[in-house]
Amino acid sequence: MRKGLFAAAALLVAGTAQAQQVDIGASPPDDPNAPKPGASATTRSGDTQRQPRTPAARRPHDTSPSSLVGDTQSSPPPGLIGDWQEIRTRLGRRGIGLTARYASESGYNFAGGDRKLFRETGQFDVGALLDMEKLAGITGGAVQATVTWRRGYDLTTDAGLDTLQQVQEIYGRGQTVRLTQWWWEQKIGTKTEVKLGRTNPGEDFAAFSCHFMNLSFCGAQPGNLAGDYWYNWPVSQWGARVRVALDGDRYVQGAVYEINPRNLEKDFFVGHFHGATGVLIPVETGVSRGGDDGKVGSYKVGGWIATADGDDVLLDRDRRPIVLTGVAPLRRSGRYGVYFTMQQQLTGTSKGGKSLTGLGVFLNVTQTDRKTSVTDNQVSLGLFYKGLVPALPGDVLGVAVARTNVSGRAARADELMPGTPVRDAEYAAEVYYSLHPIDWLELRPNVQWVHQPGGVRGAPDVGVVGLKAALTL
């Protein structure tokens, strides 16, 4: 029955337009020599900022767009309730793929904060991927619809950790039900893809997984710094993206997304047609490398401009320090940023463009404009090692460190207020080990350590022991 489900799902997405993203941290199949039909290298990762696709046809490269339990935007494993009495198989044959998953993040701060607490938060998401060739005879077309529900409690706030980056990345943007994805993706010819609808820039630009629990290592990095106008999962906005494949696994892409503060409202809505304050225009070029030689890799460089005005972090409208005058801040236009992200397998084996065993490294660097961003720079560096314990197929060890910098202009504002700690930079580290005791369950225990929380020198360090888990239905 499950074999039929995977085969049907593989047929569902075969031939549809899919932007390829390398994910060297994704768990490999149990048996690299005999992958399940339709299973991808991201089959068992939990990535909380992306909807798990229905099992997809095997492609030349890893295909994890970016965040649910290790990685909710990746293809899910066989579910807890299997084929739902063959409902999923029958729908798959007709061009309709269904997914459902719950991702949970639990944490206890054994050091730092105002008090010691345990908190759990999570996200439930359901999605449908439609093959428009089967349903309407439109070759190369696909429609994705996803609804998410976030719930739970935030350890960062409740324990008074005062960190710049959340220790439970899945919490935030309102504990509410959202329409997170509702888009059409169309392949035109052999090299061009067009995507239209309710989406977000983090799906396609600076895309990165959410295998770690600390936000410093999760999702598209620009959204961690410029989150007032670059919205990552689960927030959606009207957008259009064009991606063109070049020779030698290279590509270039650009997009336009609506900037609308109403998209952050904490209630369910399909989309707003009023209230936009500008547009976000990102561009990116990159190259990805697959193959069976153990050298899977991806390199991307990009930048963006935003036409929506933003508040100056230091000056008021009369160009005097806000902290001294209390006058409304100076409004700045032409916000911008640049980023670089890379993943590279260093040792081990790969197959079909997916890293199966060995060591891999990643690096993410983002710089935003200093005039309107309190946190203007972030650098994260980490390692993934697959196959640490041969008796546990699919295991992954992850280690990462990050620095989140407070803008010098924001620090200048601190200096002007007597008795206010002057912020500098926050340093975070995390270690996790991913286990898959059952196909439909992922367990990812982790330990985090945050030095100079909030960027404040002398602030007590924060230590958190946690568990990231995903249950696929």
Side-chain angles (χ1 to χ4, degrees), residues 157 162-166 172-173 201-202 205-206 215-216 220-232 235 237 255-265 272 274-283 301-340 365-379 402-427 452-459:
T157 300
D162 294 329
T163 58
L164 296 175
Q165 302 290 295
Q166 292 173 308
R173 295 304 196 186
F205 295 85
L215 185 60
S216 304
Q221 201 174 62
N224 297 345
L225 302 179
D228 57 331
Y229 64 92
W230 179 302
Y231 304 148
N232 282 348
V235 178
Q237 57 213 100
V256 177
Y257 300 95
E258 170 204 42
I259 299 175
N260 190 335
R262 296 186 65 194
N263 289 326
L264 301 178
E265 293 178 1
H272 294 300
H274 301 284
T277 58
V279 295
L280 171 68
I281 306 173
V283 294
V301 61
W304 73 89
I305 59 172
T307 63
D309 292 346
D311 291 344
D312 192 289
V313 299
L314 175 62
L315 303 178
D316 66 16
R317 62 190 180 192
D318 298 320
R319 297 184 179 274
R320 296 179 296 174
I322 301 171
V323 294
L324 300 181
T325 66
V327 176
L330 176 66
R331 299 288 286 174
R332 298 279 191 178
S333 61
R335 308 175 75 181
Y336 61 91
V338 293
Y339 62 85
F340 170 76
V365 181
T366 300
Q367 178 69 54
T368 67
D369 69 279
R370 296 182 172 91
K371 294 180 179 179
T372 63
S373 300
V374 173
T375 52
D376 65 348
N377 175 270
Q378 188 174 72
V379 179
R403 177 182 187 271
T404 302
N405 187 66
V406 175
S407 165
R409 301 179 82 253
R412 173 58 180 160
D414 295 337
E415 293 173 349
L416 295 174
M417 290 291 291
T420 300
V422 178
R423 292 167 292 177
D424 178 28
E426 175 178 283
Y427 299 85
Q452 294 185 187
V456 178
R457 294 177 179 175

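All figures in this text were calculated on a predicted structure; none of them were measured in a lab.
In this structure, the side chains of Leu264 and Val235 come closer than 4.5 Å at one or more pairs of heavy atoms. Side-chain atoms of Ser333 and Asp309, non-hydrogen and from C-beta on, do get closer than 4.5 Å to each other. In this structure the side chain of Ile322 reaches within 4.5 angstrom of the side chain of Pro329, judged on heavy atoms. When side chains are defined from C-beta on, Pro201 counts as touching Gln237, because their heavy atoms get closer than 4.5 Å. Inter-residue side-chain proximity for Thr325 and Arg317 is flagged as unmet; no heavy-atom pair is nearer than 4.5 Å.
Using a distance-only test at 3.5 Å, with no hydrogens or angles considered, a donor-acceptor pair links the side chain of Glu426 to the main chain of Gln165. Side-chain atoms of Gln378 do not come within 3.5 Å of backbone N or O of Thr366 as any donor-acceptor pair. With hydrogens and angles ignored, the 3.5 Å screen pairs no side-chain donor or acceptor of Asp424 with any backbone N or O of Arg457. One N or O on the side chain of Asn260 and one on the backbone of Arg262 form a donor-acceptor pair closer than 3.5 Å.
Taken to the nearest 0.5 Å, the CG atom of Asp376 stands 8.5 Å off from the CG atom of Asp369. Atom OG1 of Thr157 sits about 8.5 Å away from atom CG of Asp162, to the nearest 0.5 Å. To the nearest 0.5 Å, atom CD of residue Gln221 and atom OG1 of residue Thr404 are 7.5 Å apart. Atoms OG1 and CZ, on Thr372 and Arg331 in that order, are 9.5 Å from each other to the nearest 0.5 Å. Between atom OG of residue Ser373 and atom CZ of residue Arg332 there is a gap of 12.0 Å, rounded to the nearest 0.5 Å. With rounding to the nearest 0.5 angstrom, the CG atom of Asp228 is 8.5 Å from the CG atom of Asp311.
Of all non-hydrogen atoms in Val323 and Ala413, the two that sit nearest each other are CG2-O, 3.7 Å. Nearest heavy-atom pair across Ala206 and Pro222 is CB-CD, 3.7 Å. Contact detail for Trp230 and Ala220: the closest heavy-atom pair is NE1-CB, 4.1 Å. What you find for Ala306 and Ile259 is that their closest heavy atoms are CB-CD1, 3.9 Å. The minimum heavy-atom distance between Asp316 and Pro321, with the atom names listed, is OD2-O, 4.5 Å. Shown here for Asn224 and Leu215, the closest heavy-atom pair between the two residues is ND2-O, 3.1 Å.
Under the side-chain hydrogen bond (donor to acceptor under 3.5 Å, both in side chains) test applied with Arg423, the options Thr375, Asp414, Asn405 reduce to a single match, Asp414.
A donor-acceptor pair shorter than 3.5 Å cannot be found between the side chains of Tyr257 and Trp304.
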Does Arg403 form a side chain to side chain contact (heavy atoms under 4.5 Å, CB included) with Asn377? I'd like the steps, not just the answer. CA-CA 8 Å; Arg403 177 182 187 271; Asn377 175 270; 4.2 Å; yes
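Between Asp312 and Arg409 there is a salt bridge, with a side-chain nitrogen of the basic residue lying less than 4.0 Å from a carboxylate oxygen of the acidic one.
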